[in-house]
Amino acid sequence: MTESTPTITGSVADALVSTCRTTLGDSLRSVVHFTRDDFDVLYVRRDLYDGDEAAARAAKSELVESERTGFGPQETYNAGRNGERPEFGEYEFTLRVFSDGFVGRVVAGDRGVIVTTDELELSEFEEMEVALRRMLETNTAG
């Protein structure tokens, strides 16, 4: 993974961050866009990592490695058994709940977005994840 190789354009990155900021407000901690091979830290709240971009990237690197596993389940869940739609519908997003906040992941095709937040209502997360999925599906060329 290299810091100098962006996986998406600046305008797509700005749109992803804007969507997250609009739906989640000040609870938003970070936004990371990732592929199977690379990632970009698109946003980190100012009070985190003392403004140190290298520290933020190092911390998010571990998170991305854990969340990349989402490509396999997303493909498996959407394919279902024998290529049929799963009985519980198609994969939408993953939400991990922690004592002090959330990690959300949405995967569409060969790309995904990870969002970290302070505590908030589940409905706020769902609205943001649906919007991110649409953006990822329509901006596949980056």
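- With contacts defined as side-chain heavy-atom distances shorter than 4.5 Å, the pair Glu53/Val41 does not qualify.
- Cluster membership check: Leu28 shares its hydrophobic cluster with Met135, using side-chain heavy-atom separations under 4.5 Å among Ile, Leu, Val, Met, Phe, Trp and Tyr.
- The shortest distance between side-chain heavy atoms of Val113 and Leu42 does not fall below 4.5 Å.
- Applying the side chain to side chain donor-acceptor pair (under 3.5 Å) rule to Asp50 yields no partners; only residues at least two apart in sequence or on another chain are considered.
- No side-chain heavy atom of Met128 sits under 4.5 Å from any side-chain heavy atom of Phe93.
- Looking at residues two or more places apart in sequence or on another chain, you find a ring pair (Phe, Tyr, Trp, His ring centres under 6.0 Å) between Phe102 and Phe125.
- Taking the centre and axis of the six-membered ring of Tyr49, the NZ or CZ atom of Arg57 falls outside the cone set by 45° and 6.0 Å.
- The hydrophobic cluster containing Val130 does not contain Val12, counting ILVMFWY residues as joined when their side-chain heavy atoms lie under 4.5 angstrom apart, directly or transitively.
- Among all heavy-atom pairs drawn from Leu136 and Gly112, the shortest one is CD1-CA, 4.0 Å.
- For the salt bridge (charged side-chain N to carboxylate O under 4.0 Å, His left out) test, no residue two or more places apart in sequence or in another chain qualifies with Arg134.
- In terms of the side chain to side chain donor-acceptor pair (under 3.5 Å) criterion, residue partners of Ser30 (sequence neighbours excluded) are, by chain and number, Lys60, Thr116.
- The OG1 atom of Thr117 sits 8.5 Å away from the CD atom of Glu124 when rounded to the nearest 0.5 Å.
- For the pair Leu63/Ile114, a side-chain contact is recorded, criterion being any heavy-atom separation below 4.5 Å from C-beta on.
- Among residues two or more places apart in sequence or in another chain, the salt bridge (charged side-chain N to carboxylate O under 4.0 Å, His left out) test is passed with Asp14 by none.
- Looking at heavy atoms from C-beta onward, Glu129 lies out of side-chain contact with Leu95 at the 4.5 angstrom threshold.
- With sequence neighbours left out, the salt bridge (charged side-chain N to carboxylate O under 4.0 Å, His left out) criterion links Arg29 to Asp118.
- The minimum heavy-atom distance between Thr19 and Thr23, with the atom names listed, is O-OG1, 2.9 Å.
- Taking each heavy atom of Phe39 and Arg68 in turn, the nearest pair found is N-NH2, 4.1 Å.
- Between the Arg45 side chain and the Asp26 main chain, a donor and an acceptor come within less than 3.5 Å of each other.
- Between Glu119 and Ser27 the shortest heavy-atom distance is O-OG, 3.9 Å.
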